[in-house]
Protein chains: 2
Amino acid sequence: MADVARLAGVSHQTVSRVVNGHPNVREETVLRVRRAIEELGYHRNSTARALVTRRTNVLGVIAFDTTLFGPAQTLSGIERAAREAGYFLSMVSLDDVSPDGIVAAAEYLVQQSVEGCVAIAPQRSLVDALAALPGPHPLVAVEGGEGSGLPVVCVDQVQGAHDAVRHLLELGHTTVHHIEGDPLWLESEARVVGWRRALEEAGAPAPEPLQGDWSPRSGYALGRSLVARRAEGERVTAIFVGNDQMAIGVLRALHEAGLRVPGDVSVVGFDDVPEAEFLTPSLTTVFQDFAQVGKESLALLLGEIGTERNGSPGPSATERRVVPARLRVRGSSGPPPP
Amino acid sequence: MADVARLAGVSHQTVSRVVNGHPNVREETVLRVRRAIEELGYHRNSTARALVTRRTNVLGVIAFDTTLFGPAQTLSGIERAAREAGYFLSMVSLDDVSPDGIVAAAEYLVQQSVEGCVAIAPQRSLVDALAALPGPHPLVAVEGGEGSGLPVVCVDQVQGAHDAVRHLLELGHTTVHHIEGDPLWLESEARVVGWRRALEEAGAPAPEPLQGDWSPRSGYALGRSLVARRAEGERVTAIFVGNDQMAIGVLRALHEAGLRVPGDVSVVGFDDVPEAEFLTPSLTTVFQDFAQVGKESLALLLGEIGTERNGSPGPSATERRVVPARLRVRGSSGPPPP
DNA sequence: AGCAACAGTGTTAACGCTCACATGGAGGAA
DNA sequence: TTCCTCCATGTGAGCGTTAACACTGTTGCT
């Protein structure tokens, strides 16, 4: 910067003003400085800038398994929104779900002086661990449940599940079995709630849900166990599955047992992965607007940062933004066999 | 830091030494300082540290569509390796494939003073744009093709495709049709090369490959067009599809046409997504060790950073590391109909 | 004319840390 | 003893930037 100033025949402060687009600089001076910057290939040192402004312009993201469809989509949405807002993103993804891990991750981000953090924390234990932590701050939880004391953005899992199950009941099924995802996940919990509520509203009995782990493998295994129960005489005509990947496993299990979908059994998934439409049969499922979730969570975080900077007293109102889910009816759901 | 020093009754420099684990500090002093740090909740300011050491400890990642299976997995591998090496990760993902976009992304990372960068750059134009850029440096390209002048880590796409096609030929198919991914992608190109080579080696004719875009939708559309050609009398008994998602679309198209897999037509995919095993029929595909790719690319990058720091003369040898692909034979491939 | 307001620029002091060097004392070899 | 070495610690400078303020000259108002 000193070199640029010398070449342009001005003070370093004027260079700073030009770089930061301050208004009160003569046009001609601006040009001269710009030329000098160009010539020397100068670009400002963000570190020094951060040191003096006390703003790093970096936001942290704590994610858990970004190879899953939902988190990957959400991350992508967050990334885009962050970039548009002029923030950099520092990411740390958790290997396991131990509170230790999330504490270490938070430590790591605090150490990097992030200005705020979005945590894709789909499990209650993680959310609680985060809420108990001193830093980083501000912090927004994606898919964090209620009552954590953290601001939260989430898809309306309950409504999505409710819609899916009501759809099946309206087709004439007397009840709907449920294969849930990893029971430690909040999403899984919420979908169970929605499923149960829809059954209750219809006065239908609620069979015990089966617990999976989101993987196609677990869907397959649990699908087989439902097939076995059907063979023993239990009436299983509709299955609401916690996500599309498990639903794929379920379809497989049904197919192997010679059962037809939706002729004998209807299947509804959750997520609306791109391939859902092209499975055989195409999968009825629930669409979640993850991009929107990412966008909203960043907006919320930026809001928090803003109010903090204006010196808000104590912890801010823990806002909760809910993004609606949307049922996508396709070929895997139909009326029950007579 | 000054506060800590005062509380511990030492100089700021001694605090610095304790924080950085320097050897020559008396044990008792270390304890005293540690206690003071604890008490004040101090943690060092990474910005100030970076300013003076000229090391940000941040690596950049340029990715393109991290919602796709491969990039997401690779990113995850890179993330883990970076954290183990004590580096932070700053991510920018590209919306479109324009060279402008990648230039902006690079600019963005340079501006943040990353120490090095991994680019998941699956298209030739992107690799070329990157290679032409002044910064960031050092730079490692994942899946970047040959001849770009950049160090590259990639899966052996040619070998993977070759294995898949040879597998089909050995089952007795007289030729293998190919639905390729987005033709702009280097992976797509390489798989075409492997496919063609295997056909040539077997003296089999090579029908013109069909160009998709990796999506299930395109797989479905192209699958239908192959079905149509079959109806016109062309012998289509085996299809090697550029990725598993498109293969799902192809399976759908075949199923709709009443064709059986593998009875009438064999299908082989690429990627080995988790659900491949649980499709109906389970999908024969090619496994890519993305985690390994991520790990290797980071190792390569750290190597570059190391040699640069030791003042290597000019650009380093552009190393190229190739991770083998592995065929996973499952239910969707079998001998051709008589 | 006299004064205020303001545009355009420069000067100085931080920001919080590490590096290079200085200091002082303990221990060992000549 | 004397000198040299090594450990433990302190001192001062400087990393590259921006904030705050000071300074000049011009404009506009009374």
Side-chain angles (χ1 to χ4, degrees), chain A residues 1-37 39-58 86 88 109-115 135-136 309-311, chain B residues 1-37 39-58 86 88 109-115 135 309 311:
Chain A
M1 187 177 234
D3 295 344
V4 172
R6 208 170 306 124
L7 182 58
V10 296
S11 74
H12 61 120
Q13 177 63 338
T14 298
V15 176
S16 171
R17 281 193 262 257
V18 170
V19 169
N20 292 312
H22 271 255
N24 293 343
V25 184
R26 221 183 340 149
E27 185 121 358
E28 189 222 310
T29 314
V30 173
L31 256 52
R32 210 146 30 100
V33 171
R34 287 252 170 77
R35 212 159 30 227
I37 287 175
E39 191 166 331
L40 295 171
Y42 163 84
H43 74 98
R44 93 174 147 209
N45 181 318
S46 62
T47 309
R49 177 169 217 259
L51 181 60
V52 66
T53 58
R54 288 130 174 287
R55 294 198 41 192
T56 54
N57 247 266
V58 176
F88 300 105
L109 290 175
V110 167
Q111 199 206 109
Q112 210 196 354
S113 324
V114 295
E115 284 182 42
R309 204 162 278 147
N310 297 343
Chain B
M1 186 176 233
D3 295 345
V4 172
R6 208 170 305 122
L7 183 59
V10 295
S11 74
H12 62 121
Q13 176 62 350
T14 298
V15 176
S16 169
R17 279 193 264 257
V18 169
V19 169
N20 292 310
H22 270 255
N24 294 343
V25 186
R26 219 178 350 144
E27 184 120 358
E28 189 222 310
T29 314
V30 173
L31 255 53
R32 210 145 30 100
V33 171
R34 287 251 169 79
R35 213 157 33 228
I37 287 175
E39 190 165 331
L40 295 173
Y42 163 84
H43 73 96
R44 91 174 149 210
N45 181 317
S46 61
T47 309
R49 178 169 217 262
L51 181 59
V52 65
T53 58
R54 288 128 177 290
R55 295 198 40 192
T56 54
N57 247 266
V58 175
F88 300 105
L109 290 175
V110 167
Q111 199 207 110
Q112 209 195 355
S113 323
V114 296
E115 286 182 42
R309 205 161 278 146

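Model, not experiment: these values are computed from the prediction. Just so we're on the same page: letters track the sequence lines, and every chain starts at 1.
- Listed by chain and number, the residues in a side-chain hydrogen bond (donor to acceptor under 3.5 Å, both in side chains) with A:Thr29 amount to none (sequence neighbours excluded).
- A 4.0 Å heavy-atom criterion places the boundary nucleotides of DNA chain C facing chain A at C:dA7 to C:dG16, written 5' to 3'.
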Could you list all N or O pairs between the protein and nucleotides 20-28 of chain D that sit under 3.5 Å apart?
{"unit_1": "D:dA20", "atom_1": "N6", "unit_2": "A:Gln13", "atom_2": "NE2", "d": "3.2"}

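- Residues satisfying the salt bridge (Lys or Arg N to Asp or Glu O under 4.0 Å) criterion with B:Arg6, sequence neighbours excluded, are B:Asp3.
- A pairwise comparison of heavy atoms in A:Asn57 and A:Gly86 identifies OD1-O, 2.5 Å as the closest pair.
- Nearest heavy-atom pair across B:Val25 and B:Val30 is CG1-CG2, 3.7 Å.
- Listed by residue number, the members of residues 20-30 of chain A with any heavy atom below 4.0 angstrom from DNA chain D are A:Asn20.
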Residues 42-51 of chain A side chain polar contacts: donor-acceptor under 3.5 Å, at least two apart:
{"unit_1": "A:Arg44", "atom_1": "NH1", "unit_2": "A:Asn20", "atom_2": "OD1", "d": "2.4"}
{"unit_1": "A:Asn45", "atom_1": "OD1", "unit_2": "A:Thr47", "atom_2": "N", "d": "2.7"}
{"unit_1": "A:Asn45", "atom_1": "OD1", "unit_2": "A:Thr47", "atom_2": "OG1", "d": "3.4"}
{"unit_1": "A:Asn45", "atom_1": "OD1", "unit_2": "A:Ala48", "atom_2": "N", "d": "3.0"}
{"unit_1": "A:Ser46", "atom_1": "OG", "unit_2": "B:Gln111", "atom_2": "O", "d": "3.2"}
{"unit_1": "A:Ser46", "atom_1": "OG", "unit_2": "B:Ser113", "atom_2": "OG", "d": "3.4"}
{"unit_1": "A:Arg49", "atom_1": "NH2", "unit_2": "A:Asn20", "atom_2": "OD1", "d": "3.0"}

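- Regarding A:Met1, its CE atom lies at a distance of 8 Å from the C1' atom of D:dT18, rounded to whole Å.
- Between the CG atom of A:Asp3 and the P atom of D:dC15 there is a distance of 12 Å, given to the nearest Å.
- Shown here are the side chain to side chain contact (heavy atoms under 4.5 Å, CB included) partners of A:Gln13, two or more places apart in sequence or in another chain: A:Ser11, A:Ser16, A:Arg17.
- What you find for A:Gln112 and A:Thr56 is that their closest heavy atoms are O-CG2, 4.5 Å.
- Computed from C1' positions of five pairs at each end, the angle between the two local axes of the helix from C:dA1-D:dT30 to C:dA30-D:dT1 equals 40°, rounded to 10 degrees.
- Near DNA chain D, meaning a heavy atom under 4.0 Å away, the residues from residues 49-56 of chain B are B:Leu51, B:Val52, B:Arg54.
- The closest side-chain heavy-atom distance from A:Val19 to A:Ile37 is below 4.5 Å.
- Legend: residues meeting salt bridge (Lys or Arg N to Asp or Glu O under 4.0 Å) with B:Arg26, ordered by chain and number and at least two apart, are B:Glu28.
- Residues passing the salt bridge (Lys or Arg N to Asp or Glu O under 4.0 Å) test with A:Arg34, sequence neighbours excluded: none.
- Listed here is the closest heavy atom pair of B:Gly9 and B:Arg32: O-NH1, 4.3 Å.
- Evaluation of the salt bridge (Lys or Arg N to Asp or Glu O under 4.0 Å) rule for A:Arg35 yields no partner, not counting sequence neighbours.
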